[in-house]
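What follows is a set of notes on a single structure, which appears directly below.
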Amino acid sequence: MELHNKFLWALPVFMLSFLISYNGVEASHNVYLHYQSLSAIKVEQVHRTGYHFQPKKHWINDPNGPMYYNGVYHLFYQYNPKGAVWGNIVWAHSVSTDLINWTPLEPAIFPSKPFDKYGCWSGSATVLPGNKPVILYTGIVDKNNTQVQNYAVPANLSDPYLRKWVKPDNNPLIVSEAGVNKTAFRDPTTAWLGRDGEWRILMGGRRKDTGIAFLYKSRDFMKWKKAANPIHQSAGTGNWECPDFYPVAKSGTNGLDTSVLGQNVKHALKVSLDATRFEYYTLGKYYPAEDRYVPDNTSPDNWKGLRYDYGNFYASKSFFDPSKNRRVLWGWANESDAAKDDIKKGWAGIQLIPRTITLDPIGKQLLQWPVKELDTLRGAHVRLSNQLLKKGDLVGVTGITPAQADVEVTFSFRSLDLAEPFDPKWKKLDAQDVCSKRGSFVQGGLGPFGLVTLATEDLQEYTPVFFRIFKDAGKHVVLMCSDATRSSLKKELYRPSFAGFVDVDLTDKKLSLRSLIDHSVVESFGAGGKTCISSRVYPTKAVSDKAHLYAFNNGTEAITVETLDAWSMKTAKVN
Ligand code: DQQ
């Protein structure tokens, strides 16, 4: 371990505000017509991931129809087979037996029929009684982007990989009714079966600025009828994409099949907000007789709501894995790189590591944690114990591969007294705004402390993931940041100070952090998965064996690294 005593991270304020105000984000559906069918000439390797899911080349977005079937996990995803920007979308298909190593197959669903001639957009899989999988997806039927819901079934149920899918001629199953916006009517969920024998699905959409989850019902999965009311809607949230609706057990850590109802469950409704490129979820109560969902009053039901992830994370989808009794969440990590650079590097987008979802025992939020199979990739290991970090300390973690690593650390401190006051002016701000005012280089009282990932030795480039603790009217406010502001010397990049608050009890004066570092992604889990943040970053110098990893403290209160375990991660066999 190396020890640097000076912590010279001060950055002139004008420079900081420039970096923060630059926003070249590539949203989910930026359309670059000229580049949609420009095949990659070469695929740049330097920032490709070692263990996060990617195809060999070109553009990917939403995970689709994840499921477990007869011992095999299936992941479909929105894919452009012809280029590195969004377009020509098909359902690409990969299979796995461990959610980590993946074998690519031919695309499962692609435009070929009048009901999906202009696009095969997102959707979900449901395994019907008799062990029969069926996919529901959105078809685009014309140049005006009119959306309908279709189904597809495996051509041969005895093929262990379900390679071929058939789109029967009685499609589409659902077209929008009069008065519904036909271009905001998409992304069917996994179906659940009510006690009344009717299947139910949701589609996302909007009326004016109100986000809506339309509810449809069917007895036979073929004839669907719109319910009198949407299951839920929320004014001022704009178009809802990729809804997800599922039960979580009030106690214990087992996941539940999507159809489970009863006193011992809460429901989660997640929506992807077209307008902000973020997702939020609420926890609440589902009333099956009225087909209504009512969020708990602890779950803000708007764009300020709880997020699965406060960083590059969108269009997620969960599924129930009966082989391990768990609910698993997949999320797409969109790009920070500019489209022209995606074209140059020949690829864009990754899927994050699948996460197990459980209800936090406090009942107000979910907990997420990387599936345990990820641990099989852990190789060389180093451990740091009882390492004191005084103000300004930066401790190097050596002996592993910092550009492709898994790090778990528990920090402790003796007192909360030095926590800075939470500025009342910040009450109106979200965590990201607070983080951008108080980055890792602004010295604090209790924090900032955490990890510095993908760093050059001279800290010209680095992505810190850290906590700052404030006090506010006798309570403590814990901020977790994953700050891409100084992640790269490259100019045209989206470099936000991604951040979320952490609702954690500090009685034991400890905070934990896990970061999955993989060349161009840092995926972090604060306080056991209460707050998660993924940053896509493109360092120019802190790459491969030039990247460094540190633990740091830049607050007056000394911090102890109780334990820090870091592993080199082996490269997974991905596609
Ligand atoms: N991506 C799909 C849509 C979905 C959006 C199209 C979300 O079905 O609404 O590629 O990223």
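Sequence positions, counted from 1, serve as the residue numbers for this chain. Numbering of ligands and ligand atoms starts at 1, following listing order. Remember, it's a predicted structure, so these values are computed and weren't measured experimentally.
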**OP:** Return yes or no for this condition: an N or O of Arg186 is under 3.5 Å from an N or O of ligand 1.
**Re:** yes
**OP:** Give a yes or no on whether a salt bridge exists between Arg536 and Glu335, defined as a side-chain N under 4.0 angstrom from a carboxylate O.
**Re:** yes
Original post:
So is Thr138 close enough to ligand 1, meaning a heavy atom under 4.0 angstrom away?
Top reply: no
Original post:
Does Asn61 approach ligand 1 within less than 4.0 angstrom via side chain, backbone, both or neither, non-hydrogen atoms only?
Top reply: side chain
Original post:
In this structure, which one of Phe53, Trp59, Trp91 forms a ring-ring contact (aromatic ring centres under 6.0 Å, His included) with Tyr77?
Top reply: Phe53
With a cut-off of 3.5 Å and sequence neighbours excluded, list every side-chain donor-acceptor pair involving residues 343-352.
unit_1 : atom_1 : unit_2 : atom_2 : d
Lys345 : NZ     : Asp337 : OD2    : 2.8
Lys345 : NZ     : Asp342 : OD1    : 2.7
Lys345 : NZ     : Tyr538 : OH     : 3.2
Trp347 : NE1    : Glu44  : O      : 3.0
Gln351 : NE2    : Asn61  : O      : 2.9

Using a strict 4.0 Å cut-off to heavy atoms of [X], name the atoms of ligand 1 that fall inside it.
X      : answer
Asp62  : 1 (N), 2 (C), 3 (C), 4 (C), 5 (C), 7 (C), 11 (O)
Ser122 : 2 (C), 8 (O)
Tyr314 : 7 (C), 11 (O)

**OP:** Kindly compute the distance separating CD (Gln54) from CG (Asp518), expressed to the nearest 0.5 Å.
**Re:** 8.0 Å
Subject >> side chain to side chain contact (heavy atoms under 4.5 Å, CB included) partners of Ala315, counting only residues at least two apart >> reply: Asp62, Cys242, Trp332
